[in-house]
Each structure stands twice: as C-alpha cells, then as structure tokens.
Amino acid sequence: MPITVKVKEIMDKNVVTVDSSSPASQAIEKMIQAGVWSLIVERQGLPVGVVTDRDILRRCAAMGHYPDKVKVEQIMSSPIITIEPDATVGEAMRTLINKDIRRLYVVEGGRITGRVTQTGLFRNMLDIVMTLASLPYQL
C-alpha cells in the first residue's frame, strides 16, 4: 500500500511578511526576530515576491550597497513559486529541484498559509524513513 504525505502535513506555518518599500536592514531584523531566513514581500497588502538572507547578502552587501539604503523590492525574487497544500511531498521535491530553489510557498484559498523548505523536507523525509524502518520491530 503506497504512503502519501501531503505538503500540508509538513509545511512550516511561520510565514512572515515585509513591505516592499522597507529597507533591507529592516528585513534582516524581521528575519532574526522571527527565526526565519525568508520573508514574503508585500505591496499594498498583496504578495509580490520573496526576499531571503542570501538575496540581501548577494544583491546588497556583496555589491557594496548599504542595507539601510536598499529597498526590499530592489533585491527580492519574483514571482513567488507556490504549491497547493494537497500536493505530495514528492511533487514539492521535484519542484524545488526543477526550479533550483530552496523554498516553496503553500497557497490555499488565494492566501499564503505556509512554506516548505529544502531543509524542512529533508528533515521530514528522514523522520518518515526512520519511522518506516522501525515498524518491523514494533510489530
């Protein structure tokens, strides 16, 4: 019998936003406070992109720009790559690999309700494999 794990079962619900006109320094502060390394960028309350710690490092600091002078919208990635909550973990993995990205955002009813990261997927898949491997000993 096949086992299917859905994205909604493993997604991280800690989705943090930042306004597109905010400076990159404010985005860094928000990331640190929330314990995340990516933020949804919003313009007038609507999601328009994603900014990550790597974006700030590569598109701001490495270019000699000051994080308090660069707006998030100047360094964000867009469009936001999304997945549905009922998609399988395998679909999420394929999308991450095919798009060469580190995170997917889960959209339900037109709203971003969570995210799936490479690290989170790996951690969850390892837990599933270890649980399945221990089943014969539990029976």
Side-chain angles (χ1 to χ4, degrees):
M1 170 168 77
I3 296 173
T4 303
V5 179
K6 305 282 184 173
V7 166
K8 65 183 170 190
E9 297 168 30
I10 61 142
M11 71 182 189
D12 176 1
K13 295 179 182 176
N14 189 14
V15 177
V16 184
T17 63
V18 66
D19 189 77
S20 63
S21 63
S22 299
S25 58
Q26 184 179 349
I28 294 168
E29 289 172 20
K30 278 190 146 192
M31 287 178 195
I32 292 169
Q33 289 170 356
V36 297
W37 300 112
S38 66
L39 304 173
I40 294 294
V41 179
E42 292 184 333
R43 185 176 299 124
Q44 298 176 343
L46 297 174
V48 293
V50 176
V51 68
T52 68
D53 59 331
R54 289 172 58 108
D55 293 330
I56 294 169
L57 180 64
R58 290 179 173 194
R59 298 177 184 165
C60 182
M63 304 297 279
H65 304 296
Y66 295 102
D68 57 336
K69 304 276 187 221
V70 175
K71 292 183 180 184
V72 171
E73 65 189 349
Q74 295 173 280
I75 59 171
M76 71 180 184
S77 298
S78 185
I80 302 170
I81 308 298
T82 63
I83 194 162
E84 295 194 10
D86 286 326
T88 66
V89 169
E91 290 174 71
M93 290 175 134
R94 267 191 301 282
T95 303
L96 289 172
I97 291 166
N98 291 339
K99 302 265 185 193
D100 194 25
I101 55 176
R102 296 172 184 251
R103 59 194 54 79
L104 285 169
Y105 289 89
V106 182
V107 174
E108 187 169 18
R111 292 186 47 246
I112 296 173
T113 58
R115 67 188 176 129
V116 177
T117 65
Q118 277 181 340
T119 303
L121 266 176
F122 179 75
R123 184 178 295 121
N124 280 286
M125 290 307 295
L126 185 58
D127 288 345
I128 291 166
V129 168
M130 296 303 288
T131 300
L132 290 173
S134 71
L135 281 179
Y137 303 106
Q138 295 177 20
L139 298 177

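Throughout, numbering of the chain's residues begins at 1 and tracks the sequence. Keep in mind that the numbers below use all heavy atoms, side chains included, and drop hydrogens, waters and symmetry copies.
- Between the side chain of E91 and the backbone N or O of T88, at least one donor-acceptor pair lies under 3.5 Å.
- At least one side-chain heavy atom of I75 sits less than 4.5 Å from a side-chain heavy atom of V70.
- The shortest non-hydrogen separation linking E108 to P85 is CD-CG, 3.8 Å.
- Between the side chain of K13 and the backbone N or O of G114, no donor-acceptor pair lies under 3.5 Å.
- The minimum heavy-atom distance linking E73 with M76 is given by the pair O-CG, 3.7 Å.
- No single ILVMFWY cluster, assembled from side-chain heavy atoms under 4.5 Å apart, contains both V18 and V50.
- With a 4.5 Å cut-off on side-chain heavy atoms, R59 and S77 count as touching.
- Expressed to the nearest 0.5 Å, how far OG1 of T117 lies from CZ of R102 amounts to 10.5 Å.
- For the atom pair CG (L57) and CD1 (I28), the distance works out to 9.0 Å, reported to the nearest 0.5 Å.
- The cluster map of Ile, Leu, Val, Met, Phe, Trp and Tyr, joined by side-chain heavy atoms under 4.5 Å apart, puts I81 and V106 in the same cluster.
- In summary, of the residues considered (D19, I56, V41), a side-chain contact (heavy atoms from CB on, under 4.5 Å) with V72 occurs for V41 alone.
- Smallest separation of non-hydrogen atoms from A92 and L104: O-CD1, 3.6 Å.
- Across all non-hydrogen atoms, the minimal contact from A27 to V51 is CB-CG1, 4.4 Å.
- At a threshold of 4.5 Å between non-hydrogen side-chain atoms, the residues M31 and L39 count as touching.
- I40 contributes atom CD1, which lies 8.5 Å from atom OG1 of T17 (distance to the nearest 0.5 angstrom).
- The CD1 atom of I80 sits 4.0 Å away from atom CD1 of I112, with the distance rounded to the nearest 0.5 Å.
- Within the 3.5 Å criterion, the main-chain N or O of V15 finds no donor-acceptor partner in the side chain of R115.
- A distance-only check finds a donor-acceptor pair linking the side chain of D55 to the backbone of T52 [under 3.5 Å].
- Using a distance-only test at 3.5 Å, with no hydrogens or angles considered, a donor-acceptor pair links the side chain of S78 to the main chain of V48.
- Using a 4.5 Å heavy-atom cutoff, the side chains of I10 and L121 are in contact.
- Distance check: I32 CD1 to W37 CH2 gives 5.5 Å after rounding to the nearest 0.5 Å.
- Here the OG atom belonging to S21 is positioned 10.0 Å from the CD atom belonging to Q44, to the nearest 0.5 angstrom.
- Around the CD atom of E84, the shell of radius 6.0 Å holds no more than 12 heavy atoms that belong to other residues, nucleotides or ligands.
- A donor-acceptor pair is defined here as one N or O able to donate and one able to accept, closer than 3.5 Å; no such pair exists between the side chain of R43 and the backbone of S20.
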Walk me through whether M11 and T113 qualify under side-chain contact (heavy atoms from CB on, under 4.5 Å).
CA-CA 9 Å; M11 71 182 189; T113 58; 3.9 Å; yes

Dump the intermediate steps for side-chain contact (heavy atoms from CB on, under 4.5 Å) on M125 and M93, then the final yes or no.
CA-CA 10 Å; M125 290 307 295; M93 290 175 134; 3.5 Å; yes

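- Here the closest non-hydrogen pair linking S38 and Y105 is OG-OH, 2.7 Å.
- Using a 4.5 Å heavy-atom cutoff, the side chains of H65 and Q74 are not in contact.
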Begin with the C-alpha distance, continue with both residues' side-chain angles, and end with the deciding distance and a verdict on side-chain contact (heavy atoms from CB on, under 4.5 Å) for N124 and V5.
CA-CA 10 Å; N124 280 286; V5 179; over 6 Å; no

